[in-house]
Amino acid sequence: MVRYNPKAVEPKWRAAWDAADAFRAETGSGKPKYYVLEMFPYPSGNLHVGHARNYAMGDVVARYKRAQGFNVLHPMGWDAFGLPAENAAQERGVDPTAWTLSNIDRMRAELKALGLSIDWSRELATCDPTYYGRQQAWFLRLMERGLVYRKEGLVNWDPVDMTVLANEQVIDGCGWRSGAPVERRKLTQWFLRITDYAEDLLEGLQSLDRWPDKVRLMQENWIGKSRGLRLDFPFAAPQPEPAITVYTTRPDTLFGASFVAVAPDHPLAERLAASDDRVRDFVARCRLGGTSEAEIESAEKLGWDTGLEVVHPFDPDMRLPVWIANFVLMEYGTGAIFGCPGHDQRDLDFARKYDLPVTPVVLPPTADAASFHVKQEAYVGPGRIFNSRFLDGLEIEAAKAAAIAEVERLGMGVGATVYRLRDWGVSRQRGWGCPIPVIHCQACGVVPVPEDQLPVRLPEGMDFSRPGNPLARDEAWRQVSCPKCGGAAQRETDTLDTFVDSSWYFARFANPHAAAPIDGAAADYWLPVDQYIGGVEHAVLHLLYARFVTRALADEGMLKVKEPFAGLFTQGMVTHETYRRQNGEWVEPGMVEIETEGATRRARIAETGEPVAVGDVEKMSKSKRNVVAPADIAETYGVDAARLFVLSDSPPERDVQWTAAGVEGAWRLINRIWAEFDALGEGAGDAAADLELLRGTHKAIKAVTEAIEGFRFNSAVARLYEFTSVVRTARADAAVSDSARRTALSALARLVAPFAPHLAEECWSELGESGLVAQAAWPSWDPALSEDEERTLPVQINGKRRGEVRAPAGASAAEVEQIVLGDDEIRRRLEGLTIRKVIVVPDRIVNLVAG
RNA sequence: GGGGACGUGGCGGAACCGGUAGACGCAGCGGACUUAAAAUCCGUUGGCCUUUGGCCGUGAGGGUUCGAUUCCCUCCGUCCCCACCA
């Protein structure tokens with residue numbers, strides 16, 4: 001027997017695929033198209049097994065669909081702008097372009113070594129001017145459409161990364177990347193009008209039936225649609241403005257209003273602050289508080305009584321005081337609320353602190369109107385309205401409708417839908433990004449860079465030695481003449497958020513060499529992506545932006561689809577145990593030797609024998625040093641073993657724990673499979689044994705096919721183990737004919753191909769098959785052979801298993817009943833009992849109800 | 001505070017539409033081969049009992065059903081998302 005040697009076999013087949021150009025996708029072909037895409041990586045320089053799992057999943061789908069006869073597009077690119085390059089530039093003085101491109105070279109080689117069936121002719125990198133230049137082109141077209149605007153406003157400023165963050169990038173009040181507490185700063189920023197598409201983005205979720213419910217729900221919550229009422233509270237005494245406009249989702253509780261409050265950055269508060277130092281101090285104090293979970297939980301309600309009064313819209317005699325309150329947010333609704341302490345906990349906390357009246361207006365179903373009081377907890381449950389004149393007696397929903405109708409009749413407000421979603425701030429004060437292609441001219445204002453002057457390239461040799469934006473201090477780059485008037489002008493120095501780069505790359509893959517940003521015909525052919533695969537951490541950010549940009553480009557006539565990703569799969573991460581020395585230092589798994597003694601495991605450093613503590617299983621990270629590189633595994637077991645293992649054991653959507661024992665298991669399977677192909681040409685042939693092997697083969701084809709279709713790759717691998725055993729047992733125990741074995745092995749090679757493609761090619765060639773298994777058709781199964789002819793049916797008596805009978809497949813209930821009642825064992829069990837009911841589930845189970 | 005998911009052997013997990021719970025792998029145990037070890041192969045492995053048989057068992061408790069890991073209710077635990085969003 002020849003031991004399988006991946007180090008020799010694997011490169012040979014990768015060369016064969018290259019020579020045959022086996023994975024090139026031809027746009028337009030007689031075959032149905034299938035576009036499978038994994039979220040493109042950031043070229044950090046290191047490929048770890050987490051990447052390997054992600055791309056292996058996509059590769060299983062790609063290879064399977066190709067075998068099924070689809071014209072498959074499976075491309076790869078690089079999300080190449082981003083902070084790590086700038087950090088490297090700052091720390092080591094390297095050029096970010098050179099650093100990024102060399103990382104790409106290294107990672108491309110590592111990815112290629114995984115044997116992925118990728119069409120490398122379509123490779124793209126977002127830091128390439130041929131890519132970001134096209135991005136600038138469509139950005140300017142969206143600008144013409146009015147989807148791009150500048151505004152001055154409070155922005156989330158990351159003091160460590162020295163840039164602005166989108167709301168989506170602020171997590172618990174800290175920068176998503178730096179983890180530093182975010183500051184609020186006033187800056188003029190570029191925005192994309194994603195809110196124009198709020199309703200469409202929400203509605204579109206309905207059609208995404210091949211997306212995880214979880215992701216759709218997260219996007220739904222993020223868009224955060226709420227129906228309510230926008231209404232005016234006129235000032236009791238004349239003010240520069242006539243009224244305060246508030247937004248509420250509880251118009252039914254209007255008669256419970258006891259104050260009106262505005263946000264500290266509301267125009268009214270700012271006006272008052274301008275003329276009153278005490279107000280200015282109060283507003284400043286409101287801005288101090290952090291936004292972390294703990295701080296919000298314990299944050300004290302702060303209020304400032306302005307002394308102003310407004311009139312209740314339903315009764316000119318009712319006056320409400322106007323407060324400035326720290327818990328009112330300028331960004332949501334109108335930045336002003338009416339407080340109804342009886343039925344809102346925050347309003348109640350505020351009212352108790354500042355001694356404002358609490359009037360309950362919703363009566364719980366079981367409560368009594370005379371005795372019901374709100375104490376320390378606001379009542380937010382169902383009930384009937386009381387203390388509310390014309391609304392009295394109505395249920396909450398009916399009261400909302402009646403109140404809205406009345407406000408509208410009075411002309412004091414209008415029913416309104418509000419979204420939590422805010423416009424997408426895309427300005428970043430960074431050098432390593434796509435320049436925003438506009439020029440600021442004193443005379444002409446903001447002037448778009450003419451299309452024939454695109455791309456606006458980043459300058460060579462940017463100076464990253466100091467923090468801040470190198471573009472802003474590169475005068476040679478910045479000073480230009482105005483395209484309109486020819487006068488002196490300056491380039492915009494902000495660059496685009498990297499999420500803009502990743503919001504359309506899937507469309508560029510349709511034809512990455514086109515002169516236009518998007519080759520319409522190619523995109524119409526390939527889009528939408530049939531199967532998109534990536535981490536759930538992108539559930540709102542990337543996936544929402546991509547859906548928005550796709551819509552905007554569709555409205556611009558550049559795309560035909562509205563939804564970029566028809567199918568989405570969110571895969572889990574690869575985790576690993578962590579190891580620490582006594583002094584707390586993390587130790588790499590490669591240096592650790594594990595010793596098992598009975599049920600206990602001991603870990604120590606292999607070279608020195610120093611014991612190390614085995615810590616938690618965690619996401620692979622450089623800081624904990626628990627990263628495993630595919631290259632190290634390939635050295636010992638080959639990449640097929642690594643691919644096989646990361647897909648086995650755990651369901652793809654869940655995390656999988658990398659273990660040395662697990663890879664060894666996969667390695668054993670590879671050798672077992674190879675051993676079968678290495679033992680051809682034996683066996684004389686026995687009809688019964690041949691038929692059994694044939695049945696095993698068809699069962700396996702069916703099981704593996706269905707598991708792949710259902711994204712249950714772990715189950716698919718389990719079925720491969722099983723089928724391998726079937727083939728081996730048939731050879732060892734029975735006289736199986738050579739032709740029956742060849743049929744089984746031909747199927748096995750093709751079933752293995754999506755998971756361990758190099759092994760499959762070697763097996764295919766050993767069988768003497770012509771061509772590549774990568775281009776062979778997927779095996780099909782015969783339903784007559786994938787099911788047993790005779791079934792063993794368990795027989796239950798009163799729900800307890802009491803025996804079993806054998807019956808032909810598809811036997812009717814009556815036939816099965818006859819068999820069961822004729823069975824000696826069952827008859828013995830039924831002695832002294834009367835059968836009351838017989839339930840037969842054909843081909844499944846029999847249950848006798850007897851007493 | 002709001003929303004969601006999950007909980008099955010020593011471990012990762014399987015069980016498709018309510019129909020034999022524990023597939024497959026890891027670890028363990030026993031054996032074969034070997035001078036020996038590794039590798040490989042074969043067998044075995046949920047718990048308990050009075051063991052040709054029986055009882056219990058899918059976080060806990062209840063319910064629906066001939067039948068529940070699966071559906072419903074309550075509780076406990078873990079994880080994820082959102083969050084002073086009116």
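Below, chains carry the letters A, B, ... as their sequence lines are ordered, and counting in each starts from 1.
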May I have the distance from Gln345(A) (atom CD) to G2(B) (atom C1'), rounded to whole angstrom? 14 Å
Integer angstrom distance from the C1' of A68(B) to that of G63(B): 11 Å
OP1, OP2 of C6(B) versus side-chain N and O of Arg654(A): anything below 4.0 Å? no
Using the test ring-ring contact (aromatic ring centres under 6.0 Å, His included), find all partners of Phe259(A) that sit at least two apart in sequence or belong to another chain. Phe350(A)
Expressed in whole Å, how much space separates the C1' atoms belonging to C33(B) and A38(B)? 13 Å
Test ring-ring contact (aromatic ring centres under 6.0 Å, His included) applied to Tyr637(A) - qualifying residues, sequence neighbours left out: Trp667(A)
Between U51(B) and C42(B), how far is it from one P atom to the other, in whole Å? 33 Å
How many Å lie between CZ on Arg422(A) and P on C82(B), as a whole number? 13 Å
Can a donor-acceptor pair under 3.5 Å be found between the side-chain atoms of Lys301(A) and the base atoms of C84(B)? yes
Which sits closer to the 5' end of RNA chain B, Gly662(A) or Glu331(A), going by the nucleotide each is nearest to? Gly662(A)
Using the P atom as the reference point in each nucleotide, state the distance between C56(B) and C71(B) in Å, no decimals. 24 Å
With Phe713(A) via ring-ring contact (aromatic ring centres under 6.0 Å, His included) - residues at least two apart: Phe711(A)
For Met218(A) and Gly665(A), take the nucleotide of RNA chain B holding the closest heavy atom to each; which residue's nucleotide lies nearer the 5' end? Gly665(A)
Can you give the donor-acceptor pairs under 3.5 Å from side chains of residues 714-721 of chain A to other protein atoms, not counting sequence neighbours?
unit_1	atom_1	unit_2	atom_2	d
Arg719(A)	NE	Glu722(A)	OE1	2.8
Arg719(A)	NH2	Glu722(A)	OE2	3.4
Tyr721(A)	OH	Gly665(A)	O	3.1

Within the 4.0 Å heavy-atom criterion, would you say Arg802(A) contacts the bases, only the backbone, or no part of the nucleic acid? sugar-phosphate
Side chain to side chain donor-acceptor pair (under 3.5 Å) filter on Gln345(A), not counting sequence neighbours, yields Asp349(A)
For Val246(A), which contact category applies under a 4.0 Å heavy-atom criterion: base, sugar-phosphate, or nothing? nothing
Contact pattern, 5' to 3', of nucleotides 15-23 of chain B - B, S or - by protein heavy atom under 4.0 Å: S---BB--B
In terms of side-chain heavy atoms of Arg346(A), which of C84(B), G12(B), G53(B) is nearest? C84(B)
Listed by chain and number, what are the salt bridge (charged side-chain N to carboxylate O under 4.0 Å, His left out) partners of Glu787(A), not counting sequence neighbours? Lys702(A), Arg791(A)
From CH2 of Trp674(A) over to P of C41(B), roughly how many Å is that when rounded to an integer? 17 Å
Pairs under 3.5 Å (N/O, protein and nucleotides 37-40 of chain B):
none

If you look at every strand shown and take non-hydrogen atoms under 4.0 Å, does Ser648(A) touch a base, only sugar-phosphate, or nothing? nothing
Give the nucleotide from the list C85(B), G3(B), C82(B) with an atom nearest to the side chain of Leu217(A). G3(B)
Only counting residues at least two apart or in another chain, list the ones meeting side chain to side chain donor-acceptor pair (under 3.5 Å) with Lys619(A). none
Do Arg352(A) side-chain atoms and Lys375(A) backbone N/O form a donor-acceptor pair below 3.5 Å? yes
A23(B) and A15(B): how far apart are their C1' atoms, nearest whole angstrom? 8 Å
So, is Tyr721(A) near the phosphate of G25(B), with a side-chain N or O under 4.0 Å from OP1 or OP2? no
What orientation do Tyr4(A) and Trp674(A) show, parallel under 30°, tilted 30 to 60°, or perpendicular over 60°? tilted
Please state how far atom CZ in Phe713(A) lies from atom P in G25(B), giving the value in whole angstrom units. 20 Å
Tell me: CH2 of Trp222(A) to C1' of G4(B), nearest whole Å? 16 Å
Phosphate OP1/OP2 of C56(B): any Lys800(A) side-chain N/O under 4.0 Å: yes
To the nearest Å, how far apart are Leu647(A) CG and G13(B) P? 15 Å
A5(B) and U70(B): how far apart are their C1' atoms, nearest whole angstrom? 16 Å
Pair Asp232(A), Thr245(A): side-chain N/O donor-acceptor within cut-off below 3.5 Å: yes
Using a 4.0 Å heavy-atom cut-off across all strands, classify Arg828(A) as base, sugar-phosphate, or nothing. nothing
Any idea how His576(A) and Tyr579(A) line up, ring-wise: parallel (<30°), tilted (30 to 60°), or perpendicular (>60°)? perpendicular
Assigned glycosidic conformation for C66(B) [threshold 90° from 0]: anti
Between Phe282(A) and Trp304(A), what is the ring plane arrangement, given parallel below 30°, perpendicular above 60°, and tilted in between? tilted
As a test of your reading of the structure, name each stem of RNA chain B as range with range, where a stem is three or more consecutive Watson-Crick or G-U pairs at under 3.5 Å. B:1-7 with B:76-82, B:10-12 with B:24-26, B:28-32 with B:40-44, B:46-49 with B:53-56, B:59-63 with B:71-75
Let me know the distance between CD of Glu577(A) and P of C26(B), rounded to the nearest Å. 17 Å
Heavy atoms under 4.0 Å, any strand shown: does Gly333(A) hit a base, just sugar-phosphate, or nothing? nothing
Sequence neighbours excluded, the answer for ring-ring contact (aromatic ring centres under 6.0 Å, His included) partners of Phe723(A) is none
Mind checking side-chain contact (heavy atoms from CB on, under 4.5 Å) for Val418(A) and listing every partner two or more places apart, or none if nothing turns up? Ser226(A), Arg230(A), Tyr247(A), Tyr332(A)
Considering only the P atoms, how many Å lie between C6(B) and G59(B), rounded to the nearest integer? 12 Å
Is G9(B) in the syn or the anti form, by the rule that syn lies within 90° of 0? syn
Protein-nucleotide distance (Leu541(A), atom CG; C80(B), atom C1'), rounded to Å: 15 Å
Rounding to the closest angstrom, what is the interatomic distance between C73(B) and U78(B) at atom P? 22 Å
